[in-house]
Amino acid sequence: MSGHSHWAGIKHRKAAQDAKKGVAFQKLVKDIIAAAKEGGGDPNNNFRLKVAVERAKAGNVPIDNIERGIKRGTGELGGPMEEVYYEGYGPNGVAVMVQTMTDNRNRTAPDMRSLFTKCGGAIGEMGCVAWNFDRKGIVEITGEGIDEDELMMAALDSGADDVEAGDDGFEISCAPNVLSQVGKALKDAGYNLDTMEVRMIPKNTVAIKNKADAQKMMSMVERFEEHDDVQSVYANFDIPEDILAELD
């Protein structure tokens, strides 16, 4: 199993939970903040932001929230934002990277340290686990009747590195600096972009062998994601499908 496909089942399970808790709504706004921070606040000149705004509108995020998210990302609201990664270890010794977007490190750093401890782990020095992750651009495509060979050709022609088929669609990976280029080319070709983002992909994983440990892992991810400054959480654990099903 590849370094990123093992997250598919986890992601889909969490999507249902997040919808119930309102976390999915927050995630859409956080995607807007990140896109605006990276490429500016004009969707016409920032394709990643354009996709994030379209997804937010489809998720019924109010226009006022979308506009505030853009202004937060560009620093017009609440001061300039900076991306900060916090690294450490979670339960079972899993490597954890927490991506934050903050306008105040003095507020965020103690919170991250506390969350690592509360989740049964410990925060580490910068670089302590980063070596175990690759930074990649990811585009997820969904839709009926997609021809894999045609998608592969379109993706590779646009600058992508790989295309992987999954149960619910296809995942295209590329270098982060060509993510917008690849996403735009695929959208222009008529494909439906479900997700377009930069992720940290683990090079190797720690197998989780029982329900109790799996619950600890999921709880850790959820507690971090509920923090307002957290954009994404990456960890190198792998929960088999049969154990994941027990958590539902």
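All values below come from the heavy atoms of this structure, side chains included, with hydrogens, waters and symmetry mates left out. Predicted model, so just to flag it, every value in this text is computed and none were measured.
The minimum heavy-atom distance linking R48 with E38 is given by the pair NH1-OE1, 2.8 Å. Of all the heavy atoms in M97 and A130, the pair that sits closest is SD-CA, 3.9 Å. Counting all heavy atoms, side chain and backbone alike, L28 lies closest to A56 at CD1-CA, 4.1 Å. Closest of all the heavy-atom pairs between P91 and C119 is CG-O, 3.0 Å. Here the closest heavy-atom approach between residue G124 and residue C128 is recorded as CA-SG, 3.8 Å. Closest approach of G159 and Q181 over heavy atoms only: CA-NE2, 4.2 Å.
The shortest distance between side-chain heavy atoms of Y89 and I123 does not fall below 4.5 Å. Side-chain atoms of K184 and S180, non-hydrogen and from C-beta on, never get closer than 4.5 Å to each other. Two residues are said to be in side-chain contact when any heavy atoms from C-beta on lie closer than 4.5 Å; F237 and P202 fail this criterion. Counting heavy atoms from C-beta outward, T195 and R55 have side chains that approach closer than 4.5 Å. Annotation: side chain of I32 is in contact with side chain of I70 (closest heavy-atom distance under 4.5 Å). Here the side chains of I63 and K57 are in contact, with some heavy-atom distance below 4.5 Å. Contact annotation: the side chain of Y234 approaches that of R199 to within less than 4.5 Å [non-hydrogen atoms, C-beta and beyond]. Looking only at side-chain heavy atoms (C-beta outward), M101 and K37 come within less than 4.5 Å of each other.
A donor-acceptor pair shorter than 3.5 Å can be found between the side chains of T74 and E76. Counting only N and O atoms by type, the side chains of S173 and D162 include no donor and acceptor under 3.5 Å apart.
One distance of note links CD of E140 with CD of E164; it measures 10.5 Å at 0.5 Å rounding. Atom CZ of R105 and atom CG of D229 lie 12.0 Å apart (nearest 0.5 Å). With values rounded to the nearest 0.5 angstrom, I66 atom CD1 is found 12.0 Å from I33 atom CD1. Here the straight-line distance linking atom CE of M217 with atom CG of N236 works out to 10.0 Å at 0.5 Å rounding. Note that the OG1 atom of T108 and the CG atom of D228 stand 10.0 Å from one another [nearest 0.5 Å]. Rounded to the nearest 0.5 Å, atoms CG (D194) and OG1 (T142) are 4.5 Å apart.
Test E83, M112, Q231 against T100 for side chain to side chain contact (heavy atoms under 4.5 Å, CB included) and you get one pass: M112.
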Salt bridge (Lys or Arg N to Asp or Glu O under 4.0 Å) evaluation trace for E67 with R72: CA-CA 9 Å; E67 292 177 349; R72 281 205 68 195; over 6 Å; no

Would you check, one step at a time, whether the test side chain to side chain contact (heavy atoms under 4.5 Å, CB included) holds for M200 with D134? CA-CA 5 Å; M200 301 299 291; D134 288 323; over 6 Å; no

I'd like to know whether V96 forms a side chain to side chain contact (heavy atoms under 4.5 Å, CB included) with M220, so could you lay out the CA-CA distance, the side-chain angles of the two residues, the decisive distance to 0.1 Å, and finally the verdict. CA-CA 10 Å; V96 182; M220 176 191 70; 3.9 Å; yes

For V233 and Q99, what are the C-alpha separation, side-chain angles and deciding distance, and is it a side chain to side chain contact (heavy atoms under 4.5 Å, CB included)? CA-CA 6 Å; V233 182; Q99 177 191 11; over 6 Å; no

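Ion pairing of E225 with K27 is absent here, as no side-chain N (NZ or NE/NH1/NH2) approaches a carboxylate O to less than 4.0 Å. A salt bridge does not link R107 to D111: none of the charged nitrogens lies less than 4.0 Å from a carboxylate oxygen. A salt bridge is absent between K136 and E171: the closest approach of a Lys/Arg side-chain nitrogen to an acidic carboxylate oxygen does not fall below 4.0 angstrom.
With K203 contributing its side chain and W131 its backbone, the two residues share a donor-acceptor pair below 3.5 Å. A distance-only check finds a donor-acceptor pair linking the side chain of N210 to the backbone of A212 [under 3.5 Å]. With hydrogens and angles ignored, the 3.5 Å screen pairs a side-chain donor or acceptor of N46 with a backbone N or O of A35.
Ring pair F116/F224: centre-to-centre distance below 6.0 Å.
Under the 4.5 angstrom side-chain criterion for Ile, Leu, Val, Met, Phe, Trp and Tyr, the cluster partners of V139 are F47, V51, I141, I146, L151, M152, L156, V163, F170, I172, V178, L179, V182, L186, Y191, L193, M196, V198.
By the side-chain hydrogen bond (donor to acceptor under 3.5 Å, both in side chains) test, K50 is found to be paired with no residue, residues two or more places apart in sequence or in another chain being considered.
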